[in-house]
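Just so it is clear, the model here is predicted, and its values are computed rather than measured.
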Amino acid sequence: MSEMFLEKFRALVPRYLEDQWRSEDGIPAEELGEMLEEHDFSIPLVLREFYLALGGCEDLMESYHFFWDPDELEVEDGYLLFLEDEDEKFVWGFRTDQLDVPDPIVWRRNNARGDWQSEEGTFSEYVFDMFEWVFEDDED
């Protein structure tokens with residue numbers, strides 16, 4: 001399997017946490033496989049590589065929003081949910097008909113209304129933009 005995003009996700013550790021990436025920052029492939037085998041769905045390549053690179057890094061997994069652990073992923077309303085805000089007002093996911101796309105578009109659900117809206121960007125774009133906003137916004 002080719003690695004399209006792994007190194008870019010690993011690079012977030014030194015960029016925002018001023019530390020070198022270590023293997024403990026990610027989830028080992030075998031462990032990730034075991035965590036995901038319980039599900040009756042597959043996850044996109046980009047999410048798999050995100051977990052391999054950063055799944056063990058609480059400082060990034062729980063910065064501003066909370067990325068779900070691989071064994072907590074679930075499908076609701078035709079979307080694979082992977083992220084929520086701390087107030088649980090919003091949840092983010094992928095359309096289940098797009099799970100075979102390597103880097104699918106991210107959608108956000110307003111939990112009070114139950115409606116979904118496209119974030120108009122892929123997972124990798126969304127994640128890089130979110131971390132930039134979280135960590136660099138104070139510098140302006």
Are F135 and F50 connected in a single hydrophobic cluster, I mean Ile/Leu/Val/Met/Phe/Trp/Tyr linked by side-chain heavy atoms less than 4.5 Å apart? yes

CE of M35 to CD1 of I43: how many Å apart, nearest 0.5 Å? 10.0 Å

Provide the closest heavy-atom pair for S42 versus L80 in the form atom of the first, atom of the second, distance. O-CD2, 4.3 Å

Enclosure of E72 CD (heavy-atom neighbours >12, cutoff 6.0 Å): yes

Tell me if a side-chain donor or acceptor on W116 pairs with a main-chain N or O of R95 at a distance below 3.5 Å. no

Please say yes or no: joined through hydrophobic side-chain contacts below 4.5 Å, possibly via intermediate residues, are M130 and F66 part of one cluster? no

Option from F82, Y79, F41 for which ring pair (Phe, Tyr, Trp, His ring centres under 6.0 Å) with F94 holds: F82

Once rounded to the nearest 0.5 Å, what's the spacing between atom CD of E88 and atom CG of D85? 7.5 Å

Quick one: does any side-chain atom of E3 pair with a main-chain N or O of E49 as donor and acceptor, under 3.5 Å? no

Heavy-atom closest contact (E120 atom, I105 atom, distance): N-CG2, 4.4 Å

In terms of heavy-atom contacts, V13 and Q20 come closest through CG1-O, 3.8 Å

Ignoring hydrogens and geometry beyond distance, is a side-chain donor-acceptor pair present between W92 and Y126 at under 3.5 Å? yes

Does the ring center of F5 lie less than 6.0 Å from the ring center of F123? no

Could you point out which residue of F131, F90, W133 forms a ring pair (Phe, Tyr, Trp, His ring centres under 6.0 Å) with Y64? W133

Going by heavy atoms in the side chains, are D71 and E38 under 4.5 Å from each other? no

Do you reckon L81 sits in the same ILVMFWY cluster as V106, going by side-chain contacts under 4.5 Å, direct or chained? yes

Judged by atom type as modelled, is there a donor-acceptor pair below 3.5 Å linking the side chain of H39 to the main-chain atoms of V75? no

L36 and R48 have their tightest heavy-atom pair at CD1-NH1, 3.7 Å

Can you check whether V127 reaches F67 side chain to side chain, under 4.5 Å on heavy atoms? yes

Quick check: do C57 and L17 have side-chain heavy atoms less than 4.5 Å from each other? yes

Within-4.5 Å side-chain heavy-atom neighbours: P104 and V46: yes

Crowded around E24 CD? As in, over 12 foreign heavy atoms under 6.0 Å? yes

Got a donor-acceptor contact below 3.5 angstrom from the D103 side chain to the S124 backbone? yes

Work out which heavy atom in D100 is nearest to a heavy atom in D97; give both atom names and the distance. OD1-O, 3.9 Å

Any link between V101 and F128 through a network of hydrophobic side chains (Ile, Leu, Val, Met, Phe, Trp, Tyr) touching at under 4.5 Å? no

When rounded to the nearest 0.5 Å, the distance separating CE of M61 from CD of E58 is 9.0 Å

Side chains of Y16 and V134: closer than 4.5 Å at any heavy-atom pair? no

Verify whether one side chain among N111 and R109 offers a donor that lies under 3.5 Å from an acceptor in the other. yes

R108 CZ to D115 CG distance, which is reported to the nearest 0.5 Å: 9.0 Å

Using every non-hydrogen atom in the two residues, find where L73 and Y51 come nearest and quote the distance to one decimal. CD2-OH, 3.4 Å

